[in-house]
Structures are given as C-alpha cells and as structure tokens.
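Data first, discussion second: the structure below is written as structure tokens.
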Amino acid sequence: MIEQLIIHPDPQIKARLTEIANKVLNNERINIDDCIDLYEHADLGVVGILANQIREQKNGNYTYFNKNLHLEPTNICIHNCKFCSYSKKIGGDGWEFSVDEMLAQIEKADKSITEVHIVGGVHPHRDIFYYGDLIKRIKTQYPHLHIKAFTAVEIDHMIKKAGISITEGAIYLKEQGLDSIPGGGAEIFDVKLRQEICSSKSTAEQWLAIHEALHNAGIPSNATILYGHIENYRHRAEHMNMLRELQDKTKGFNAFIPLKFKHKNNTMSDITEVSVVEDLKNYAISRIFLDNFPHIKSYWPMTGKQLAQLSLSFGVDDFDGTINDSTKIYSLAGSEEQNPSMTTEEMKELIMAVGRIPVERDSLYNIINR
Ligand code: V47
Ligand code: SF4
C-alpha cells in the first residue's frame, strides 16, 4: 500500500524508500542512513503519513499544551554564539532582573499557570547559589508551580563556577526545588560545526553528561536541535542519534523540539532561512527517528501559529504553552510572533480546527483538563 504512494523516477531509490517505509510501519527502528535517505529523497506527503502513524500510536488524537510563564533572568552572556540575536555583554544595554523582580513577574502572571520556564544568558557573576535561591523562593511562595529551569549550558557554567561535580550540582538544584530542565543549548552536536557557530559553549559531551546526571537524579528534561543553518542531513541524523542513545539509557527526555534557525539581528544573517516544507519534513523525520521520545513539540512563538498548526499533521503532538509575551529569544531573531501570546481558547481553537483534541497537561504530561 505505502509502495503506491512512493513516487520516484529512480527505481532503486523508490525501492530503498519503500524498504524504509516498511520498517517504520512495522515499528522497526530506522538507522542514520535511513534517516538521511528520507531527508534527501522522500516526499513531504510520505514522511507525513509515516510520522502521523507514530504520533497516533504514541499520543492518539491528543495535542498537548500547558499554561506557563517564561522568565528570562538576564540576557547578559559570556558566550558568543553566532546565531544569537539576544545576548549582550556586561556593561552594555542588557537586562538583569533581581530575584525580587522575577518573583513580582510571577505574582503578576495569570493564576492558572502551572509552570515557570526560566532560561537566559550565562551571566558571569551569577552562580549556582544565586539561582538555587531563586528556585527555593519560587517553590516556597508557589509550591504548586513546576519549575523548568536552566539549559545544560547554564548549569555547566554554574557547577564549574562553584567547583562541584555535575551530580552534586544536580542534587543541589533538585533540593532547592528544580523539577525539570528545558532542552536548549544542544544546537548541533557535530564537533566542527559547534566550533564554527558556538565555539565557547559547552561541548556535546558536556551537554549530554549534564542531561544524563539530571535524569539519574530524577530530573527529566527536553532536547532540541538548531537546524537550517550550515548543517547537512547527516549532522541532523547524528545529532538525533546521540539523543536516542541517551534516551535508551535513561528514559529521562520528555519532548524533542526542533528549533529553526532565524536569521535576523545576528552574525549569520546571510544564511537564507529554510522553507516551510523543510520545517515540516524535519518535524516528521524527527518523529520517525526518535522512536523512544514520547513527544515532539512545535514551539509556536518561534514558528508562528499557522506552521505550528500544520505541524500537527507531521508528527507533532505538543504546542508548548499559552505564554503571554514573556519571551524575547525569538522575537529578536525575527520569529513570526513578535509579541507572542495566545489564550487558552485560541490555542484550543487552533488545535480543534485541524481535527485534534486539545489537552491541557502539566509539565510531566499528566492530563489537567480535556
Ligand atoms: O539553545 C537562539 C535557540 C534555544 C536562535 O525545552 C535560536 O520546552 C533559532 O531551547 N534562531 C533556547 N533558534 C530556547 C529553547 C526552548 C524553547 C522553548 C521550549 C523549550 C523546552 C526550549 O534557542 C537556544 C538556541 O538553540 N536559539 N538563537 C535563532 N537565531
Ligand atoms: Fe548566550 Fe545562549 Fe545567546 Fe549563546 S545562544 S550567546 S549561550 S544567550
């Protein structure tokens, strides 16, 4: 049946694509070469059908969302990632919120939020005890809020500054009230590319070791890839393979979030952004490849609402949160949503308009409201 849907002028490639499609339909894991062949030769429609079948098996007709607030403590950062449109150096015109100011932002937020998502620049003077205090104060005042905070790159800096091991850092942050960590900072794991686009950042091994230690300490996380810049399909496949291997070991990842490179206001502005077809293909192929990841998330403040809606037919089952204009990372890089905000009603309508069932979840994918 799938064979009839695979159209390719070269019979050998058609046979190869049929072989990969049958693997997917038989719930067999695809390998790196299969993944590259899908990127290079498969039609969007075919990868969409395959990804849709996996999404359906894993998450039925549900599309998850949560209600969260993004806190960005500072955009001052010691790193110089070439794709970053957001960071400033100390003494420049960056922002630095105090713990009290961040608590005030939570106080002002909608009372129905269930999560605070805290991520920002790697500030040279703020250490693990500063951030541990922030978390403790949030947990004490708002014990019902799930705290998803700090990328592995931020944690790497915190533990090095404190002279403690990853495991000690993970245990300390958990004791202070950290519940999970977001997936940022992964970028692209290939050594040469990482050197080229974010040379000072934690290495792939460090990123993976931090997630592994956190998973072992009972702190789940997400994972990302930054795609659509100077990487090729092999780089993407190998990146996902490293994540899949770690997930086989720990089962600590909840969601994979493909992040499309946006080119405004950064030093990689000469790179043309990839097409929407490429975005959808990338969602679908990540859903197919990452067979041990429960969820694929489309981060709508970056993609825009329409692409996020379309992605629901290409393997995505999670829409992130109903945030209210509280993130600057993407608007500065030229994202589709310059002042991202979406009400619960709007989110539900977007999801239902394409035949899915909107489900409000908590940060660990327990159902709150249907
Ligand atoms: O690591 C920075 C990316 C990430 C650009 O875990 C850019 O639920 C595109 O990881 N174009 C941080 N992307 C954000 C992040 C995230 C977002 C939403 C949800 C979750 C989650 C995690 O933002 C960085 C980097 O990969 N980024 N600059 C840019 N110009
Ligand atoms: Fe700093 Fe993150 Fe920007 Fe890199 S992407 S410069 S780590 S804020």
Side-chain angles (χ1 to χ4, degrees), residues 64-66 68-90 92 94-95 115-124 146-157 179-189 194 197-202 207 211 214 219-229 231 239 243 253-269 271 273-274 279 293 295-303 308 318-321 323 326-337 340 361 363-365:
Y64 295 97
F65 67 94
N66 73 348
N68 64 5
L69 170 77
H70 281 236
L71 281 184
E72 295 179 0
T74 180
N75 63 344
I76 291 172
C77 188
I78 56 170
H79 295 299
N80 301 301
C81 306
K82 287 189 183 166
F83 50 81
C84 184
S85 316
Y86 162 87
S87 70
K88 300 279 178 202
K89 291 296 166 209
I90 206 148
W95 71 79
E115 173 189 277
V116 267
H117 176 152
I118 310 173
V119 65
V122 179
H123 193 292
H146 177 106
I147 304 178
K148 178 170 83 177
F150 316 131
T151 65
V153 174
E154 291 168 88
I155 293 178
D156 189 26
H157 178 73
D179 294 303
S180 68
I181 75 161
E187 320 312 356
I188 194 85
F189 289 150
R194 213 169 168 84
I197 66 171
C198 51
S199 57
S200 64
K201 213 167 198 164
S202 324
W207 191 98
H211 281 258
L214 287 160
I219 299 180
S221 67
N222 291 333
T224 57
I225 184 172
L226 182 70
Y227 73 94
H229 44 90
E231 88 291 0
H239 181 102
L243 292 172
F253 289 117
N254 280 326
F256 179 66
I257 311 149
L259 297 170
K260 171 190 185 139
F261 166 65
K262 304 294 290 182
H263 72 175
K264 288 230 167 66
N265 301 318
N266 56 52
T267 56
M268 289 164 69
S269 296
I271 295 175
E273 288 176 13
V274 296
D279 294 329
F293 272 63
H295 304 283
I296 304 289
K297 184 190 282 193
S298 174
Y299 185 52
W300 66 266
M302 174 191 88
T303 59
D318 186 6
F319 249 24
D320 201 74
I323 64 165
S326 52
T327 175
K328 295 276 171 280
I329 297 181
Y330 293 107
S331 47
L332 292 168
S335 64
E336 306 310 314
E337 302 291 336
R361 61 166 175 85
S363 304
L364 302 174
Y365 292 84

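These figures come from a predicted structure and were not determined experimentally. Whatever order the structure lists ligands and atoms in, that order sets their numbers, starting from 1. For the single chain, residues carry numbers from 1 onward in sequence order.
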Of all the atoms in ligand 1, which lie at a distance below 4.0 Å from a heavy atom belonging to [X]?
{"X": "Lys148", "answer": "8 (O), 21 (C)"}
{"X": "Asn222", "answer": "6 (O), 8 (O), 21 (C)"}
{"X": "Pro182", "answer": "6 (O), 21 (C)"}
{"X": "Gly185", "answer": "1 (O)"}
{"X": "Thr224", "answer": "10 (O)"}
{"X": "Phe261", "answer": "9 (C), 11 (N)"}
{"X": "Leu226", "answer": "7 (C), 9 (C), 13 (N)"}

Is the shortest side-chain heavy-atom distance between [X] and [Y] below 4.5 Å?
{"X": "Val122", "Y": "Val153", "value": "yes"}
{"X": "His117", "Y": "Leu71", "value": "no"}
{"X": "Val274", "Y": "Tyr227", "value": "yes"}
{"X": "Glu154", "Y": "Ile118", "value": "no"}

Any donor-acceptor N/O pair, [X] side chain to [Y] backbone, under 3.5 Å:
{"X": "Asp179", "Y": "Ile147", "result": "yes"}
{"X": "Ser180", "Y": "Lys148", "result": "no"}
{"X": "Ser269", "Y": "His263", "result": "yes"}
{"X": "Trp207", "Y": "Thr151", "result": "no"}
{"X": "Asn75", "Y": "Tyr86", "result": "yes"}
{"X": "Trp95", "Y": "Glu72", "result": "yes"}

- request: Among all protein heavy atoms, pick out the one at the shortest distance from atom 3 (Fe) of ligand 2; state its residue, atom name and that distance to 0.1 Å.
  value: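 For atom 3 (Fe) of ligand 2, the nearest protein heavy atom comes out as Cys84 SG, 2.4 Å.
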
query: atom 2 (Fe) of ligand 2: which protein heavy atom is closest, and how many Å away?
result: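 The closest one turns out to be Lys201 NZ, 4.1 Å.
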
[X] touching ligand 1 at heavy-atom level, < 4.0 angstrom:
{"X": "Lys264", "value": "no"}
{"X": "Lys297", "value": "yes"}
{"X": "Lys260", "value": "yes"}

Ignoring hydrogens, just give me the one of [options] whose non-hydrogen atom is nearest [atom].
{"atom": "atom 10 (O) of ligand 1", "options": "Cys198, Gly228, Gly184", "answer": "Gly184"}
{"atom": "atom 18 (C) of ligand 1", "options": "Trp207, Phe253, Tyr86, Tyr299", "answer": "Tyr299"}
{"atom": "atom 4 (C) of ligand 1", "options": "Asp320, Asp318, Leu259", "answer": "Leu259"}

So for ligand 1, is [X] a polar contact partner (N or O within less than 3.5 Å, distance only)?
{"X": "Gly183", "answer": "yes"}
{"X": "His117", "answer": "no"}
{"X": "Lys262", "answer": "yes"}
{"X": "Glu187", "answer": "yes"}

For ligand 1, note which part of [X] has a heavy atom under 4.0 Å away: side chain, backbone, both or neither.
{"X": "Asn266", "result": "side chain"}
{"X": "Phe83", "result": "both"}
{"X": "His263", "result": "neither"}
{"X": "Ile257", "result": "side chain"}

- request: Ignoring hydrogens and angles, state whether a donor on the side chain of Thr74 or His123 is under 3.5 Å from an acceptor on the partner side chain.
  value: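 No donor-acceptor contact under 3.5 Å links the two side chains.
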
Salt-bridge present (Arg361, Asp318; N to O < 4.0 Å): yes

field: Lys262/Glu273 salt bridge by N-O under 4.0 Å criterion
entry: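 Yes, charged N to carboxylate O under 4.0 Å.
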
- prompt: Quick one: are the ring centres of Phe83 and His229 less than 6.0 Å apart?
  reply: no

message: Please report whether the ring centroid of Phe319 lies less than 6.0 Å from that of Tyr64.
response: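 That pair fails the under 6.0 Å test.
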
message: Exactly one of Thr224, Ile225, Leu226 should register a side chain to side chain contact (heavy atoms under 4.5 Å, CB included) with His239. Which one does?
response: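 The option that passes is Ile225.
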
Going by the atom numbers of ligand 2, which of them fall below 4.0 Å from some non-hydrogen atom of [X]?
{"X": "Phe83", "value": "5 (S)"}
{"X": "Cys77", "value": "1 (Fe), 6 (S), 7 (S), 8 (S)"}
{"X": "His79", "value": "6 (S), 7 (S)"}

query: N/O/S atom of Cys81 under 2.8 Å from atom 4 (Fe) of ligand 2, yes or no?
result: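 Looking at Cys81, which is the residue asked about, there is an N, O or S atom under 2.8 Å from atom 4 (Fe) of ligand 2.
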
